[in-house]
Structure formats: structure tokens, C-alpha cells
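As a basis for the values below, the full set of heavy atoms in this structure was taken, side chains included, without hydrogen atoms, waters or symmetry mates.
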There are 2 protein chains.
Amino acid sequence: MDKAGFMAAADHQCQQQGVKLTALRRQVLELVLAHEGVVKAYQVLADLQRERGIAAPPTVYRALDFLVEAGLLHKVDALNGYIVCSHVGCCHEGLILVCTACGSVNELEAAPALDTLRQQAAAQGFAIAQQNLLLTGLCQACRV
Amino acid sequence: MDKAGFMAAADHQCQQQGVKLTALRRQVLELVLAHEGVVKAYQVLADLQRERGIAAPPTVYRALDFLVEAGLLHKVDALNGYIVCSHVGCCHEGLILVCTACGSVNELEAAPALDTLRQQAAAQGFAIAQQNLLLTGLCQACRV
DNA sequence: AACGGTGTTGTTATATAGTAACATTTAAGA
DNA sequence: TCTTAAATGTTACTATATAACAACACCGTT
């Protein structure tokens with residue numbers, strides 16, 4: 001999806017959810033989209049400062065939290081960063097693949113196996129709120 | 001496994017791997033074992049300072065990194081913490097379940113589903129180096 | 001025992017990440 | 001318009017992690 005398309009989908013999704021994609025949140029989302037792969041909060045902060053002259057960490061963290069909550073971004077804890085959700089609108093989070101060589105990030109669609117995992121967790125009485133599934137390694141392009 | 005048993009298994013495993021479980025690493029491992037659930041690096045640092053009078057962050061991080069590398073601990077990125085590996089000696093990392101209510105952590109044994117995931121990643125040409133699979137939610141005891 | 005290399009630990013300083021608390025502004029309804 | 005809730009600004013701070021270099025300990029060789 002191109003950036004304009006993503007922004008349109010973001011607008012739509014926020015409207016659906018009854019939450020507001022304000023100017024600031026929109027700007028932060030665009031800054032994240034402007035990068036490839038994983039983006040760090042302080043990178044976004046620097047970008048934002050360039051565009052607006054001044055900004056403090058909470059400004060960025062609040063916007064990023066909102067965007068994660070809205071399902072537009074995912075937080076990648078293992079990298080202290082954020083990625084754009086590849087599946088806006090179709091709700092499922094996948095398995096995140098991070099290449100240590102080129103830094104690229106992909107969301108692998110693996111619904112059946114993930115469902116199995118969730119069921120096994122549920123079988124132990126565990127009620128899942130969030131998932132955070134990440135594999136680190138070498139992508140096809142880099143493993144040559 | 002009790003603590004003494006774990007330390008014995010740790011000794012054995014390090015010997016197998018040809019790496020050294022030095023006095024410092026041993027002490028750090030014991031400090032981690034002394035806690036339930038997730039332990040933070042700076043908590044270990046504080047404990048270590050209590051026992052030895054002085055210690056700096058790199059001392060602790062190096063020891064923790066070593067212990068993770070040796071397969072005795074897992075790093076839980078989503079919590080910036082470490083947990084004791086439940087399966088020392090039998091090599092498989094599982095799926096980590098973290099309860100947001102009581103803070104308890106369990107490693108769920110889910111080899112078949114995890115294998116499927118890995119195969120799906122591999123099918124895309126991705127060579128897995130590390131995995132980091134975590135579910136957050138409520139454990140059986142807390143969901144009542 | 002003396003030497004030299006490797007790995008471990010100590011030390012200082014600093015980089016990076018994230019949040020608490022309160023003030024101010026904006027938006028939306030009564 | 002007034003009021004209230006949400007959003008943003010601001011200051012200060014806490015928490016997490018690493019770089020870089022120095023000192024030391026261990027181990028095999030001469």
C-alpha cells in the first residue's frame with residue numbers, strides 16, 4: 001500500500017473506532033511512514049523537531065501509543081522501535097521477522113499456527129491480551 | 001527444579017559448551033534465581049552492590065548477556081527483564097506467557113506450533129537466529 | 001619461573017529510552 | 001456561553017543500556 005492509501009485507511013480506521021487522528025498524530029504517523037522498517041521514538045522526535053521547531057519526548061510517545069492502540073503501528077520491543085502495520089483493517093497481527101543484516105521487517109501471515117499457539121495458551125487458562133511474536137535472523141536477500 | 005539443582009545443571013551446561021561459569025556469573029545467576037518471575041538488570045545490580053559493596057552496570061549486563069547466551073536465562077524484551085530458563089539442557093525455547101496482574105511468567109511448551117511457525121518463516125527464505133515470542137494477558141489464577 | 005595472549009572484570013562516562021506530574025489549550029456538548 | 005473531557009505543552013526526572021579503555025587473572029608455551 002502506498003503512503004496516501006495508508007493514510008486514507010488510517011483515517012477510516014480511526015473513524016470506525018471513534019477515535020481522533022489529530023493533526024499531531026497524523027504528522028507522527030507520516031514521519032513513521034517516511035522511513036523504511038523499524039523507527040525509533042527518538043528518531044521520530046528528531047524529525048518532529050525539524051518540522052515544528054520544538055517537541056518533547058512525551059509528545060511523541062503519546063502519539064505513538066495512540067497509533068499502536070489504534071492498530072496502525074506495532075511496537076517492536078526487541079528493537080525499542082515501531083513498525084507500520086501491514087494489515088490495517090484486517091485486524092490480525094502476525095509474526096514479525098526482523099533481518100539483522102539489512103534491518104528490514106516483515107509481518108508474516110501465519111494465522112493457523114498462531115491460532116494453535118493461542119489455543120495452547122488458552123488451554124492452560126491463560127487469557128491473551130497482547131501478543132508480541134518476533135523472529136530475528138537473515139532475510140532471503142541477505143542470507144546469500 | 002530447585003535452586004541447587006539448577007545451579008548444578010548450569011555448571012554442567014557451561015562445561016558442555018566449553019564456557020566458564022565464573023564466580024561473578026554464578027553470583028549473578030544466583031541473584032536472578034532468588035527472585036520469582038521477571039528480574040530487571042538494575043535490580044540485580046542493586047542486589048550485587050548489597051553483596052559486594054560496589055558494582056557498575058556493565059558488570060551486570062555482561063554477566064546477564066553471558067547467561068542468556070549460555071541458555072540459562074531468557075531476556076524478555078517486552079519487560080526489559082530476564083527470566084530463568086525452564087528447560088535448561090533440553091534446548092528448546094518456548095512461548096513466554098506473562099500475566100499483567102500478578103507478574104508471573106511461564107514458558108509454555110508448544111513445540112509443534114512453534115515448529116510450524118519456523119517452517120513458515122523458513123519457507124519465505126528467512127533464516128532464524130533468535131526467537132522472541134511472548135503473550136501478555138491474565139493467568140488462570142488472575143482471570144477469576 | 002617468565003612470557004605472551006586471551007578472556008574477564010573494573011571503571012568512568014555517556015548514550016538511549018521512557019514516564020510522572022502539572023499547566024495549558026482545544027474541541028464538543030449542555 | 002459555559003463546562004467538561006480530551007489533547008497537547010512543559011519541566012524534570014527515572015530507567016535502561018553501552019562505549020571505551022584500564023587492570024587483572026588464567027592458561028599454555030618456552
Side-chain angles (χ1 to χ4, degrees), chain A residues 10-11 14-15 17-32 35 38-70 72-83 100 103 132 136, chain B residues 10-11 14-15 17-32 35 38-70 72-83 100 103 132 136:
Chain A
D11 275 327
C14 286
Q15 204 163 4
Q17 297 180 3
V19 297
K20 283 182 289 190
L21 189 58
T22 62
L24 174 63
R25 291 165 177 172
R26 189 166 245 288
Q27 185 176 14
V28 167
L29 181 53
E30 279 166 350
L31 290 172
V32 174
H35 290 270
V38 178
V39 189
K40 315 275 244 163
Y42 273 69
Q43 177 64 57
V44 175
L45 178 58
D47 294 346
L48 195 59
Q49 286 170 338
R50 203 168 327 107
E51 291 194 356
R52 316 203 325 165
I54 188 170
T59 300
V60 168
Y61 280 102
R62 283 173 190 145
L64 291 171
D65 287 349
F66 169 87
L67 295 167
V68 169
E69 192 66 24
L72 301 170
L73 301 181
H74 297 305
K75 181 158 205 298
V76 184
D77 291 303
L79 305 174
N80 295 320
Y82 298 83
I83 59 172
T100 49
N132 199 304
T136 303
Chain B
D11 275 326
C14 287
Q15 204 164 3
Q17 296 180 4
V19 297
K20 282 184 287 192
L21 188 59
T22 62
L24 173 64
R25 291 166 176 170
R26 189 167 246 287
Q27 185 176 14
V28 167
L29 181 54
E30 279 166 350
L31 289 172
V32 174
H35 291 270
V38 178
V39 189
K40 315 276 243 158
Y42 273 69
Q43 177 64 57
V44 175
L45 178 58
D47 294 346
L48 195 59
Q49 287 170 338
R50 201 167 330 103
E51 292 195 356
R52 317 203 324 165
I54 189 171
T59 300
V60 168
Y61 280 101
R62 283 171 190 150
L64 291 172
D65 287 348
F66 170 87
L67 295 167
V68 169
E69 191 66 24
L72 300 170
L73 301 180
H74 297 307
K75 181 155 204 298
V76 185
D77 290 302
L79 306 174
N80 294 321
Y82 298 82
I83 58 173
T100 50
N132 200 303
T136 303

Sub-3.5 Å pairs of nitrogen or oxygen atoms, protein against nucleotides 27-29 of chain D:
none

TODO: Take A:Asp65 and B:Ile54, find for each the nucleotide of DNA chain C with the closest heavy atom, and name the residue whose nucleotide sits nearer the 5' end.
DONE: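 Counting from the 5' end, the first nearest nucleotide belongs to B:Ile54.
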
- [ ] Kindly compute the distance separating CG (A:Asp11) from CG (A:Leu29), expressed to the nearest 0.5 Å.
- [x]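 CG of A:Leu29 is found 9.0 Å from CG of A:Asp11.
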
Send over the distance from [X] [atom1] to [N] [atom2], rounded to a whole Å.
| X | N | atom1 | atom2 | answer |
| --- | --- | --- | --- | --- |
| B:Gln49 | C:dG10 | CD | P | 12 Å |
| A:Gln27 | D:dG9 | CD | P | 10 Å |
| B:Tyr42 | C:dG18 | OH | C1' | 14 Å |

Options [options], nucleotide nearest the side-chain atoms of [X]:
| X | options | value |
| --- | --- | --- |
| B:Leu24 | D:dA17, C:dG10, D:dG9 | C:dG10 |
| B:Arg62 | C:dG18, D:dA17, D:dA20 | D:dA20 |
| A:Pro58 | D:dT10, C:dT11, D:dT8 | D:dT10 |

Task: Within-4.5 Å side-chain heavy-atom neighbours: B:Val28 and B:Thr59 - done: no

- [ ] Please tell me if the side chains of A:Leu24 and A:Arg62 come closer than 4.5 Å, counting only heavy atoms from C-beta onward.
- [x]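 When only atoms from C-beta onward are counted, A:Arg62 and A:Leu24 do not touch, as no gap falls below 4.5 Å.
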
TODO: Verify the neighbour count for atom CD of B:Gln15: are there more than 12 heavy atoms of other residues, nucleotides or ligands below 6.0 Å?
DONE: no

Open item on the list: Would you say that more than 12 heavy atoms from the other residues, nucleotides or ligands in this model lie under 6.0 Å from the CD of B:Gln17, or not?
Closed with: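 Enclosed: over 12 neighbouring heavy atoms sit under 6.0 Å from CD of B:Gln17.
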
Given [N], is OP1 or OP2 found less than 4.0 Å from the side-chain N or O atoms of [X]?
| X | N | result |
| --- | --- | --- |
| B:Thr59 | C:dG10 | yes |
| B:Tyr61 | D:dA17 | yes |
| B:Asn80 | D:dA17 | yes |

Open item on the list: Students often get this wrong, so: under 4.0 angstrom with heavy atoms, is A:Thr22 touching a base, only sugar-phosphate, or nothing?
Closed with: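 Sugar-phosphate, backbone atoms only, no base.
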
Open item on the list: For the residue pair B:Asp47 / B:Gln43, report whether a side-chain donor-acceptor contact shorter than 3.5 Å exists.
Closed with: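 Per modelled atom types, B:Gln43 and B:Asp47 side chains form a pair under 3.5 Å.
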
- [ ] Using the closest heavy atom to pick a nucleotide of DNA chain D for each, name whichever of B:Lys75 or A:Arg25 lands nearer the 5' end.
- [x]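 That would be A:Arg25.
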
